[in-house]
Amino acid sequence: MLQQTRVETVLPYYARWLKRFPTVAALADAPLDDVLKSWEGLGYYARARNLHRAARLVQERHGGSLPDDPEALRALPGFGEYTTGAVASIAYGRRLPAVDGNVRRVLSRLYDLPAPTAAELRETAAALVPADRPGDFNQALMELGATICTPRSPRCAECPVAEFCLALARGTVAERPGRKRVGALPLEIVGTAVVRDAAGRLLLVRRPATGLLGGLWEFPGAVVGPDEAPEAAARRAALAAGAVLAPDAAATAIGVVEHTFSHKRVAYRAFAFRGAGAAAADAAEPSGAGVAPGDPVQGGGRHPATGRTWADETALAELALPVAQRKLARLAAAARPRL
DNA sequence: AAGGCGGGGCG
DNA sequence: CGCCCAGCCTT
C-alpha cells in the first residue's frame, strides 16, 4: 500500500484491510473482486492484484508464512528492489538497502549526484547500511527525507548530517535530484453513457483484467474520435455494451467529471440515454462468449471476469469503481429524477 | 532506460 | 496548477 502512496493516506485503508484480511490465508482465499473493492480509491490497482497473487504464492510455496530469504521475497509479485530490501531489513534484520523516493533525494543531495541511476543509488545505500539494526538505519534514512531533507524548503539547519552534505556545501540542494516531467499531460475526452433499464438499474461494464484500472467497473465509455461528438461516442459505447437504444433516442448531458491520471488527463462527458429496451435482461449475462455466469473466473470472483452488469444502488456500492466513476455515479443519481 | 500505472495533498 | 508520495512491471 505504501508504494507511491503517503502513509497518512494508507492508514485507514490498512486498518480496514487487516480487519477484512487478517491473515495471508484469508487474503489468499478471498475473491479478487473483494480485494479490489477493499483497494478502491487507493489507485495503482496492480498492487492489489500483485498482493493477492503473492498471498496465494506464499500459501503454496512457503506454507503461509512470508519467507525471510531476500531472493524468495524478490520472486513474489509486487516485491521490487525497494520492498524486498525494506521487508528483509526491517522484518528480518538482513543487511540490505531500501531506496525509496526519500532516500533517493537524501543520497542525491548528500553526494551531490545530478542524475543517479537506480543501480548507483542502490550501491551507494548498500555501502552505508550497517550490519547492526539495518532496518532501523533504512527507516532513519527515509525519515530524514520525510522530515528534514524534504523536496522543497529542506531544513538543512536542523539536519544531523549537514556537515557531510556535498550539495549543501556546493549550494546545489535545490537542484537535487533533477526533475523529470516536461510538457503537459495529454487530454482525452471520453463519451460516457448512463443507461438504466426499466427497473432503474444502471449498466456497468468491467475493464480488462490488466492495464489501466484493470478489473474495475465503469460506465460504458469511448474515447471521442476526431470529428466525433461526445454524445455519439457515448452512444457507441452503450451499444457496444449491449444496450438497446432507439435509434433516435434522446440523450441528456448530465455533466462532466475530470480526472488526472499519472500519465494523462481524462474528461468523462456523461450522457443519460432513455429507452434501454428489452435486451436489458440479456445484457445481465456476461458478454464474453463461452463464459457462463456461474463459471469460476480468475480469482474466483463473484462477478464475470469480463462483461457487463445491471446494478441497483446496493450492487453499485459493492462493485469496485475508480474514483472518477464514483463521481459519475453521483451525477447519474442526481439526474435520475429529471429523466 | 523509459514509459504505463491512481489518487490525494500541498505550496 | 505542478510536484511528489515507504515503486513495480513490461518493453
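Every chain is numbered from 1, with letters handed out A, B, ... down the list of sequences. This one's a predicted model, so the numbers in the text were calculated from it and none came from an experiment.
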For this session: Dot-bracket for DNA chain B, please, read 5' to 3', with Watson-Crick or G-U wobble pairs under 3.5 Å on both distances, ( ) within the strand, [ ] crossing, | other strand, . unpaired.
Result: |||||.|||||
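- Listed by chain and number, the residues in a salt bridge (charged side-chain N to carboxylate O under 4.0 Å, His left out) with A/Lys327 amount to none (sequence neighbours excluded).
- Taking a 4.0 Å limit (strictly below) on heavy-atom distances, residues 100-129 of chain A reaches DNA chain C at A/Asp100, A/Gly101, A/Asn102, A/Arg105.
- Rounded to a whole angstrom, the distance from the P atom of C/dA6 to that of B/dG11 is 15 Å.
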Set out, line by line, the N/O atom pairs under 3.5 Å between protein and nucleotides 7-11 of chain B.
unit_1	atom_1	unit_2	atom_2	d
B/dG7	OP1	A/Tyr45	OH	2.7
B/dG7	OP1	A/Val323	N	3.2
B/dG7	OP2	A/His259	NE2	2.8
B/dG8	N2	A/Arg6	NE	3.4
B/dG8	N2	A/Arg6	NH2	3.1

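- Within 4.0 Å of A/Gln139, counting heavy atoms only, lies at least one base atom of the nucleic acid.
- Listed by chain and residue number, nothing satisfies the side-chain hydrogen bond (donor to acceptor under 3.5 Å, both in side chains) test with A/Arg269 (two or more places apart in sequence, or in another chain).
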Report all interatomic pairs (protein N or O, nucleotide N or O of nucleotides 9-11 of chain C) with separations under 3.5 Å.
unit_1	atom_1	unit_2	atom_2	d
C/dC9	OP1	A/Gly78	N	2.5

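- Within the structure, the side chain to side chain donor-acceptor pair (under 3.5 Å) test picks out no pair touching residues 120-130 of chain A (sequence neighbours left out).
- In this structure, A/Arg16 is positioned above the aromatic face of A/Tyr13, its NZ or CZ under 6.0 Å from the six-membered ring centre and within 45° of the axis.
- Applying the salt bridge (charged side-chain N to carboxylate O under 4.0 Å, His left out) rule to A/Glu40 yields the partners A/Lys37, A/Arg326; only residues at least two apart in sequence or on another chain are considered.
- Placement of A/Leu316 and A/Trp39 within a single hydrophobic cluster is found when ILVMFWY residues are connected by side-chain heavy-atom separations under 4.5 Å, directly or transitively.
- At least one side-chain nitrogen or oxygen of A/His263 sits closer than 4.0 Å to the OP1 or OP2 atom of B/dC5.
- Sorted by first and then second residue, the side chain to side chain donor-acceptor pair (under 3.5 Å) pairs involving residues 57-79 of chain A (not counting sequence neighbours) are A/Arg74-A/Glu81.
- With sequence neighbours left out, A/Arg176 forms a salt bridge (charged side-chain N to carboxylate O under 4.0 Å, His left out) with A/Asp112.
- Rounded to whole Å, the P atom of B/dG3 lies 16 Å from the corresponding atom of C/dC3.
- Scanning for ring pair (Phe, Tyr, Trp, His ring centres under 6.0 Å) contacts around A/Phe21 gives A/Trp17, with sequence neighbours left out.
- Partners of A/Arg236 according to the side-chain hydrogen bond (donor to acceptor under 3.5 Å, both in side chains) rule, which considers only residues two or more places apart in sequence or in another chain, are A/Glu228.
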